[in-house]
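In what follows, a structure is listed as structure tokens, so that the remarks can point back to it.
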Amino acid sequence: MKKGKVEENILPWGGQMVTVQKKSIKNIYLKVLPPEGRILLSVPQGYSRQEIKDVLDSRRDWLLSRQEAIRANAARPAKRTYVTGEKILVWGKTYELVVREVPGKTARVVCQGDKLLLSMPGYATQEQRRQVLHDWYRYQLEKAVVREKAQLESLVGKTAAEWRFRDMRTRWGTCNVQARRIWLSIHLAKQPPEAFRYVAIHELTHLWEANHGPAFKARMDRYYPAWRSVRKQMNARADFE
Ligand SMILES: [Zn+2]
């Protein structure tokens, strides 16, 4: 099949400019691009201005929330290097990192007062220290899911077949509705516990409603009335390093 040409336009929407590409495609693709959170919408050729506006309006909450998260992340200061004295977030609390070299082969992470002790065997690179901490964040989340999933699932009235974790930097969670598999970003373990609950409930609610339309929001209001303010706070302090 011949590749169709792309027609690109910049359209105003809700006080911002959106890049709209018309292509020979069957589906709609909507993206929010880092670092400034520009919206890119690809639609099939023949889409009218009104249809484009309807697509954007129907995804408004998702778009604004993604932009908030992306901008908060882009605005962060210098990168962490995982050395003693750095500030590390765990479940919404700030700890001072203390890195120690220890004999043996096993790395360990322990919270002690307001310190987070990272014991590394022998010489460890920045990447290895980051990896150990990320593994530990993953373990924190696994424990939180084990502890809370029965309660969260009974609240929503849906059960996930599987909860999994990965180093996602542009979103807090995703839900594969067909497989009933929920993915959570390991960076959620830096947020306060209510942020973890909000994201878990949000992803479980996708097992009722695939998109973020009014029915989805009505359910969120029922299961977790404070979700809007929790989302706003978590995006304002997003940390995906
Ligand atoms: Zn969602």
Side-chain angles (χ1 to χ4, degrees), residues 13-14 16-21 27-43 55-56 58-80 82 88-92 127 130-131 133-138 140-142 144-145 160 162-179 181-207 209-213 216-217 220 224 227-241:
W13 174 75
Q16 52 179 310
M17 304 309 285
V18 174
T19 306
V20 179
Q21 295 181 335
N27 297 308
I28 294 164
Y29 298 92
L30 191 53
K31 285 182 191 163
V32 181
L33 305 173
E36 72 270 33
R38 184 167 64 90
I39 296 172
L40 174 64
L41 171 64
S42 307
V43 293
V55 169
L56 293 166
S58 72
R59 305 295 302 277
R60 176 185 296 273
D61 272 27
W62 179 82
L63 285 167
L64 298 184
S65 140
R66 297 278 305 113
Q67 285 185 318
E68 257 178 59
I70 282 172
R71 284 170 188 160
N73 201 36
R76 289 192 60 74
K79 272 194 180 327
R80 206 166 275 136
Y82 307 95
I88 297 285
L89 286 166
V90 183
W91 294 124
E127 177 54 29
R130 189 186 67 94
Q131 192 57 52
L133 266 179
H134 279 193
D135 288 347
W136 187 75
Y137 279 129
R138 180 186 305 259
Q140 295 300 311
L141 270 178
E142 281 168 6
V145 166
E162 206 178 356
W163 294 80
R164 298 181 75 172
F165 313 91
R166 67 181 170 205
D167 185 2
M168 284 191 284
R169 286 146 193 248
T170 55
R171 54 194 62 200
W172 297 111
T174 62
C175 179
N176 180 325
V177 175
Q178 229 121 63
R181 184 184 305 122
I182 289 175
W183 288 92
L184 298 178
S185 168
I186 59 165
H187 302 282
L188 254 184
K190 298 172 185 171
Q191 295 275 345
E194 62 264 27
F196 158 74
R197 283 179 206 120
Y198 153 62
V199 174
I201 291 168
H202 176 113
E203 301 310 336
L204 281 168
T205 300
H206 276 310
L207 298 173
E209 303 289 338
N211 58 42
H212 300 119
F216 182 91
K217 283 179 197 135
M220 283 305 293
Y224 199 66
W227 68 272
R228 285 182 182 83
S229 70
V230 171
R231 180 181 68 182
K232 200 170 170 183
Q233 283 164 29
M234 76 186 295
N235 284 336
R237 61 181 166 228
D239 175 346
F240 294 106
E241 270 185 47

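A quick note: this is a predicted structure, and the numbers were derived from the prediction, not measured.
When all heavy atoms of A238 and A69 are compared, the closest pair comes out as CB-O, 4.4 Å. Between S185 and R171, the shortest heavy-atom distance links the atoms CB-O, 3.4 Å. Shown here for G37 and I70, the closest heavy-atom pair between the two residues is N-CG2, 4.1 Å. When all heavy atoms of M168 and L184 are compared, the pair lying nearest together is CE-C, 3.6 Å. Looking at every heavy atom in both residues, A179 comes nearest to N176 through N-OD1, 3.0 Å. Nearest heavy-atom pair across L204 and A160 is CD2-N, 4.0 Å.
In this structure, R138 contributes its side chain and F165 its backbone to a donor-acceptor pair below 3.5 Å. Using a distance-only test at 3.5 Å, with no hydrogens or angles considered, no donor-acceptor pair links the side chain of E68 to the main chain of N235. In this structure a side-chain-to-backbone donor-acceptor pair under 3.5 Å is missing from H134 to H187.
At least one side-chain heavy atom of L64 sits less than 4.5 Å from a side-chain heavy atom of Q16. The shortest distance between side-chain heavy atoms of F216 and D61 does not fall below 4.5 Å. Between V145 and I182, the closest side-chain pair of non-hydrogen atoms is not below 4.5 Å. Proximity of Q140 to L188: side-chain heavy atoms (C-beta onward) are nowhere separated by under 4.5 Å. E142 places none of its side-chain heavy atoms less than 4.5 Å from the side chain of W163. Side-chain contact check for M220 versus E209: every heavy-atom pair is 4.5 Å or farther apart. Counting only heavy atoms from C-beta outward, the side chains of R66 and I39 never approach each other to under 4.5 Å. A heavy-atom distance below 4.5 Å is found between the side chains of V230 and Y224.
When the salt bridge (Lys or Arg N to Asp or Glu O under 4.0 Å) test is applied to R166, no partner is found at least two apart in sequence or on another chain. Shown here are the side-chain hydrogen bond (donor to acceptor under 3.5 Å, both in side chains) partners of H206, two or more places apart in sequence or in another chain: H202, H212.
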(request) In sequence, state the C-alpha distance, the side-chain angles, and the governing distance for L133 and Y82, and then conclude on side-chain contact (heavy atoms from CB on, under 4.5 Å). (result) CA-CA 9 Å; L133 266 179; Y82 307 95; 3.5 Å; yes
(message) Run F196 and M234 through side-chain contact (heavy atoms from CB on, under 4.5 Å) and show every step you take.
(response) CA-CA 10 Å; F196 158 74; M234 76 186 295; over 6 Å; no
(request) Please test W136 against I186 for side-chain contact (heavy atoms from CB on, under 4.5 Å), starting from the C-alpha separation and ending with a verdict. (result) CA-CA 9 Å; W136 187 75; I186 59 165; over 6 Å; no
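Aromatic rings from W172 and F240 are positioned such that their centres are separated by under 6.0 Å.
Here L56 contributes atom CG and L63 contributes atom CG; the two are 6.5 Å apart, rounded to the nearest 0.5 Å. In this structure, the separation between CG on L141 and CD on Q191 is 11.0 Å, given to the nearest 0.5 Å. Distance check, rounded to the nearest 0.5 Å: CG of L89 to OH of Y137 gives 6.0 Å. To the nearest 0.5 Å, the span separating CD1 on I28 from OG on S58 amounts to 7.5 Å.
Sorted by first and then second residue, the salt bridge (charged side-chain N to carboxylate O under 4.0 Å, His left out) pairs with a member in residues 182-204 read E148-R197, K190-D239; sequence neighbours excluded.
A cation-pi geometry, defined here as NZ or CZ lying under 6.0 Å from the six-membered ring centre and within 45° of its normal, holds between R59 and W62.
Within a 6.0 Å sphere centred on CD of E36, other residues, nucleotides and ligands contribute more than 12 heavy atoms.
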